[in-house]
Amino acid sequence: MNSIEEIQKIKSTTESVNREARLAKAVVESLIDERKELIEIKYGALRDTGMTQADAKSKATYNEEVIKLRVKITDARNKLAQEWAKLMAHEDYVRLLISYNSTKREELKLGI
C-alpha cells in the first residue's frame, strides 16, 4: 500500500462487501421467520375448522403461499452464498496484501 487513497479504497470496499453480505443474510432470516409465521397462521385457521393436528400441519406446510416463500428463501440463500463468497474473497485479498507488505518491509530492512 502506497497511499492513503489506496487504504480508503480498501476500507470502502470492505464496508460495501460486508454490508451486502449481512443484508443478504438478514433477508434470508426475515423470509424464514415470515414462512414460520405464515405456517402458524394457516395451521391455526385449519385447526379452527376441526381438522386434525397432523392434517392441519401438512396442509399448512404445503400451502401455496408457503411454497412461494420457500422459492424466495432458496433464491435469497443463493444470493447470500454469492455475497458471502465475495466477502471471503475480499478478506483473503486483504490478508494477502498484509502479508505481501510485511514481507516487503522485511526485505527492505535486510536490504534485499
Side-chain angles (χ1 to χ4, degrees):
M1 281 182 260
N2 297 329
S3 68
I4 297 296
E5 291 84 22
E6 288 174 337
I7 294 170
Q8 289 297 340
K9 183 179 176 187
I10 291 170
K11 176 186 174 220
S12 175
T13 302
T14 300
E15 289 172 351
S16 175
V17 170
N18 271 307
R19 180 178 44 257
E20 292 304 315
R22 301 208 186 288
L23 285 173
K25 184 177 181 188
V27 168
V28 170
E29 291 171 352
S30 176
L31 287 170
I32 289 170
D33 290 345
E34 187 178 337
R35 186 187 78 200
K36 286 178 185 177
E37 290 174 14
L38 183 59
I39 288 172
E40 289 174 12
I41 290 168
K42 297 288 182 188
Y43 173 79
L46 292 167
R47 285 291 288 151
D48 288 345
T49 66
M51 198 174 279
T52 66
Q53 285 182 348
D55 288 342
K57 182 171 175 114
S58 178
K59 283 194 183 260
T61 303
Y62 294 100
N63 177 280
E64 187 175 321
E65 292 176 72
V66 174
I67 291 170
K68 286 179 184 177
L69 272 176
R70 280 195 191 122
V71 171
K72 286 183 181 180
I73 291 168
T74 300
D75 292 344
R77 283 181 171 154
N78 290 337
K79 171 83 169 150
L80 173 58
Q82 292 170 357
E83 294 301 327
W84 219 256
K86 289 179 191 175
L87 175 62
M88 295 296 106
H90 180 71
E91 288 177 356
D92 289 345
Y93 167 75
V94 170
R95 278 192 291 274
L96 287 170
L97 192 58
I98 291 168
S99 176
Y100 171 79
N101 286 326
S102 296
T103 301
K104 201 68 167 164
R105 190 172 340 160
E106 289 302 314
E107 290 174 349
L108 288 172
K109 286 180 185 177
L110 297 173
I112 298 174

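In what follows, residues are counted from 1 in the order of the sequence shown. A quick note: this is a predicted structure, and the numbers were derived from the prediction, not measured.
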Could you tell me the separation between the [atom1] atom of [X] and the [atom2] atom of [Y], rounded to the nearest 0.5 Å?
X: I98; Y: T103; atom1: CD1; atom2: OG1; value: 11.5 Å
X: Q82; Y: E20; atom1: CD; atom2: CD; value: 12.0 Å
X: N63; Y: L46; atom1: CG; atom2: CG; value: 8.0 Å
X: M51; Y: K59; atom1: CE; atom2: NZ; value: 5.0 Å

Salt-bridge contact [X]-[Y] (side-chain N to carboxylate O under 4.0 Å):
X: E15; Y: K11; value: yes
X: K68; Y: E64; value: yes
X: K109; Y: E106; value: yes

Going by side-chain contact (heavy atoms from CB on, under 4.5 Å), R35 matches just one of L38, D33, I39. Which one?
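Looking at L38, D33, I39, the match for R35 under the side-chain contact (heavy atoms from CB on, under 4.5 Å) is I39.
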- Query: Does a sphere of radius 6.0 Å around CZ in R47 hold more than 12 heavy atoms from other residues, nucleotides or ligands, not counting ones at 6.0 Å or beyond?
  - Reply: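 Correct, the count exceeds 12.
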Taking [X] for its side chain and [Y] for its backbone only, find out whether a donor-acceptor pair lies under 3.5 Å.
X: T61; Y: K57; value: yes
X: N101; Y: L97; value: yes
X: T13; Y: K9; value: yes

Do R95 and Y100 come close enough that some side-chain heavy atom pair is under 4.5 Å?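 Contact flag for R95/Y100 side chains = no.
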| query | If every non-hydrogen atom of A24 is compared with every non-hydrogen atom of E83, which pair is closest and at what distance? | reply |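 So the two residues come closest at CB-CG, 4.1 Å.
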Shortest non-hydrogen separation from K72 to L31 and the atoms involved
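Of all heavy-atom pairs spanning K72 and L31, the closest is O-CD1, 3.7 Å.
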**OP:** Using the rule that two of Ile, Leu, Val, Met, Phe, Trp, Tyr join whenever any of their side-chain heavy atoms come within less than 4.5 Å, decide whether V17 and M88 are in one cluster.
**Re:**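 Both belong to a single hydrophobic cluster.
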